[in-house]
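Contents: one structure, followed by commentary.
Each residue takes its place number in the sequence, starting with 1.
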Amino acid sequence: MKKLGLVLLSAVAIVSLAACGGTGSSKKGGEDSKSETKAAKSKIASISIDEGEYVIPQEEEVEDGEGFLALKVTIKNETDKSLDMSATDIMLYDEDDSKIESLSLYLDESKTPLLSYEKISGKKSKTGYVVFPVEKKGTYKLHFEPRIYEVEKEPKPIILDVDASKYKDHSEDAAKAVTAFVDEVFLATENEDYNKLVANDRDEAVKNFDENFNKAIKNKFYDYKVTDEEGLALAKVFREDNAKVATVKYEIASYFPDVAEVTVNMEGLSFKEMKDDMEAVNKEYYDAHRDQDYDERSKAAQKAELDKLPEIFKNTKPVSIDSYSDGFKVIIKKKEDKWEIQTKGSINYFDNLEQAFRGDISK
């Protein structure tokens, strides 16, 4: 078994669901719709698959050609009595009639409504998602077995056909959104996906990065007081030079329609690798100006280091920036039809990511 990686190939666009075991109807969505709605009913209940797409639950694994299909279903109680149900009453059967049960998931950041235990009043309905591990090219039958006890005969299951190949995989857009943000904000590189996929204000994000770089670079110099003009100008140079040598890898750790987590690993410029060169510049100035006042000499030596940094950037080899885990986490949330990179929060993963891209220096 292995985890789903960065790029999950898109499935064919439109869902085709055929009803059996009751009366059925279908309604196609628009060109970019996630499904073609199909429904089936009995005297007790009805079920429709309203839409669906592939998701990536945290810590779940599949083989190549497999995925996790999230189906948005609506259950309606057709009787006047209350109807008890749970997600386990909805199951898939493959072509060999082997039962596939839905996953029991806990969603931390996502607000995706998962069906669990539900009590549906008479003539009322409930909508939510059920998630199944499937072969992406497989065909299945979805069974809903309503539980109602005040009837003479045990109700028959309501059945819908499910063609897993008809559902889309949108997870690649989440990875593209993070890639575009990193390119445009951290690496001074144009990425056409930014305006299409990213909700964050680009100019504001770049400004914040440069200001944080400015704070960080000021903290590296104790005797010489770096000016805002110097720090902000150096931030731009650093972004441009880092873009020439940085290597970034992205992997989707989890994905749901409203929230995703992307793991980032990178090699790039690090001030730790520049330490020897910076100290050499300092020492060269210090040795050449022994007649200067000690404090003035220390200040001027650090100013020489600062002025030399653009050249040092160009001569420094990129190294792996240690995340002390599997990578730097990026949480993104859907905002209308785009993804918003979460730059704040109770656990601010973004600060660690940004520090990695400013040479691994803290602000």
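Within 6.0 Å of the NZ atom in Lys111, the count of heavy atoms belonging to other residues, nucleotides or ligands does not exceed 12. The neighbour count for Glu240 CD, taken as heavy atoms of other residues, nucleotides or ligands under 6.0 Å away, is above 12. In Lys338, the NZ atom is crowded: over 12 heavy atoms of neighbouring residues, nucleotides or ligands sit closer than 6.0 Å. Around the NZ atom of Lys272, the shell of radius 6.0 Å holds no more than 12 heavy atoms that belong to other residues, nucleotides or ligands. At most 12 heavy atoms of other shown residues, nucleotides or ligands fall within 6.0 angstrom of atom NZ in Lys308.
Rounding to the nearest 0.5 angstrom, the gap separating the CG atom in Leu142 from the CG atom in Leu160 is 6.0 Å. Distance check: Thr316 OG1 to Leu269 CG gives 6.0 Å after rounding to the nearest 0.5 Å. Atom OG of residue Ser102 and atom CE of residue Met91 lie 8.5 Å apart, to the nearest 0.5 angstrom. In this structure, CD1 in Ile332 is found 8.0 Å from CD1 in Ile252, a value given to the nearest 0.5 Å. If you take OG1 on Thr127 and NZ on Lys76, they are separated by 11.5 Å, rounding to the nearest 0.5 Å. Interatomic distance, Lys334 NZ to Trp339 CH2, rounded to the nearest 0.5 Å: 5.0 Å.
Without hydrogens or angle criteria, Glu59 side chain to Pro57 main chain gives no donor-acceptor distance under 3.5 Å. At least one donor-acceptor pair closer than 3.5 Å links the side chain of Ser323 to the backbone N or O of Ser325. Side-chain atoms of Glu78 never come within 3.5 Å of backbone atoms of Ser42 as a donor-acceptor pair (strictly under, hydrogens ignored). A donor-acceptor pair is defined here as one N or O able to donate and one able to accept, closer than 3.5 Å; no such pair exists between the side chain of Tyr117 and the backbone of Asp84. Counting only distance, with no hydrogens or angles, the side chain of Asp169 and the backbone of Tyr54 share no donor-acceptor pair below 3.5 Å. A donor-acceptor contact shorter than 3.5 Å is absent between the side chain of Asn282 and the backbone of Ala304. Put simply, the side chain of Asp183 never gets that close to the backbone of Thr189: no donor and acceptor are under 3.5 Å apart. A side-chain donor-acceptor contact under 3.5 Å links Asn200 to the backbone of Ile341. At least one donor-acceptor pair closer than 3.5 Å links the side chain of Tyr140 to the backbone N or O of Glu135. Between the Gln302 side chain and the Tyr224 main chain, a donor and an acceptor come within less than 3.5 Å of each other.
Between Lys236 and Asp210 there is no salt bridge, since no side-chain N of the basic residue sits under 4.0 Å from a carboxylate O of the acidic one. With respect to the salt-bridge test (charged N to carboxylate O, under 4.0 angstrom), the residues Lys124 and Glu118 do not qualify. Residues Glu101 and Lys99 are paired through a salt bridge, judged by an N-O separation under 4.0 Å between the basic side chain and the carboxylate. Salt-bridge formation is not detected for the pair Lys317/Glu273: no Lys NZ or Arg NE/NH1/NH2 atom is positioned less than 4.0 Å from an Asp or Glu carboxylate oxygen. Using a 4.0 Å cut-off between charged nitrogen and carboxylate oxygen, Arg358 and Glu354 count as a salt-bridge pair. Between Asp97 and Lys141 there is no salt bridge, since no side-chain nitrogen of the basic residue lies less than 4.0 Å from a carboxylate oxygen of the acidic one. A salt bridge links Asp307 with Lys303; the closest basic N to acidic carboxylate O contact falls under 4.0 Å.
Neither Tyr286 nor Leu306 shares a network with the other; the hydrophobic side chains, linked directly or stepwise wherever heavy atoms of I, L, V, M, F, W or Y lie under 4.5 Å apart, form separate groups for each. Note: the hydrophobic cluster containing Tyr285 does not contain Phe221 (ILVMFWY, side chain heavy atoms under 4.5 Å, direct or indirect links). Hydrophobic clustering of Ile, Leu, Val, Met, Phe, Trp and Tyr side chains at less than 4.5 Å, counting indirect connections, keeps Tyr93 apart from Ile49. Transitive grouping of hydrophobic side chains (ILVMFWY, heavy atoms separated by less than 4.5 Å) brings Phe209 and Val248 into a common cluster. Clustering ILVMFWY residues whenever any of their side-chain heavy atoms sit less than 4.5 angstrom apart, transitively, puts Leu232 in a cluster other than the one holding Val206.
A heavy-atom distance below 4.5 Å is not found between the side chains of Phe186 and Arg239. Counting heavy atoms from C-beta on, the side chains of Pro133 and Leu103 come closer than 4.5 Å. In this structure, the side chains of Asp193 and Thr179 stay at 4.5 Å or more apart for every pair of heavy atoms. Residues Val162 and Phe132 form no side-chain contact, since every pair of their non-hydrogen atoms from C-beta on lies 4.5 Å or further apart. Side-chain atoms of Glu279 and Lys283, non-hydrogen and from C-beta on, never get closer than 4.5 Å to each other. A 4.5 Å side-chain heavy-atom check between Lys299 and Asp295 finds every atom pair outside the cut-off. Looking only at side-chain heavy atoms (C-beta outward), Leu83 and Pro146 come within less than 4.5 Å of each other. For the pair Lys41/Ile158, no side-chain contact is recorded, criterion being any heavy-atom separation below 4.5 Å from C-beta on.
Residues Tyr194 and Asp201 share a closest heavy-atom pair of OH-C, 3.9 Å. The two residues Met85 and Ile75 make their nearest non-hydrogen contact at SD-CG1, 3.8 Å. Heavy atoms only, all atoms of each residue included: Leu187 and Ala246 are closest at CD2-CB, 4.2 Å. Nearest heavy-atom pair across Tyr255 and Ala174 is CD1-CB, 4.0 Å. Thr74 approaches Ser125 most closely through the heavy-atom pair CG2-CB, 4.1 Å. In plain terms, the two heavy atoms of Ser121 and Asn77 that are nearest each other are O-ND2, 3.3 Å.
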For this session: Could you go through the salt bridge (charged side-chain N to carboxylate O under 4.0 Å, His left out) check for Glu172 and Lys176 one step at a time?
Result: CA-CA 6 Å; Glu172 186 178 358; Lys176 285 182 177 180; 3.8 Å; yes
Problem set entry | Evaluation steps, side-chain contact (heavy atoms from CB on, under 4.5 Å), between Asn352 and Tyr324 | CA-CA 11 Å; Asn352 295 330; Tyr324 303 100; over 6 Å; no
For this session: May I have the step-by-step check of side-chain contact (heavy atoms from CB on, under 4.5 Å) for Phe144 and Asp89, ending in yes or no?
Result: CA-CA 6 Å; Phe144 170 48; Asp89 297 332; 4.1 Å; yes
Exercise. Passes side-chain contact (heavy atoms from CB on, under 4.5 Å), Lys136 versus Glu66? Steps please.
Worked result: CA-CA 5 Å; Lys136 287 190 171 183; Glu66 298 177 348; 5.8 Å; no
Exercise. What do the steps show when you test Val226 against Lys220 for side-chain contact (heavy atoms from CB on, under 4.5 Å), and what is the final call?
Worked result: CA-CA 9 Å; Val226 179; Lys220 284 196 71 66; over 6 Å; no
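Ring orientation note: the planes of Phe313 and Phe271 are nearly perpendicular, at an angle over 60° on the 30°/60° scale. Between Phe181 and Phe350, the ring-plane angle classifies as perpendicular under the 30° and 60° cut-offs.
Side-chain contact of Ser98 with Asp96: a donor-acceptor pair under 3.5 Å is absent, judged by distance alone. There is no side-chain donor-acceptor pair under 3.5 Å between Ser362 and Gln355. At a cut-off of 3.5 Å, with distance as the only test, no side-chain donor of Ser270 or Asp360 sits close to an acceptor on the other residue.
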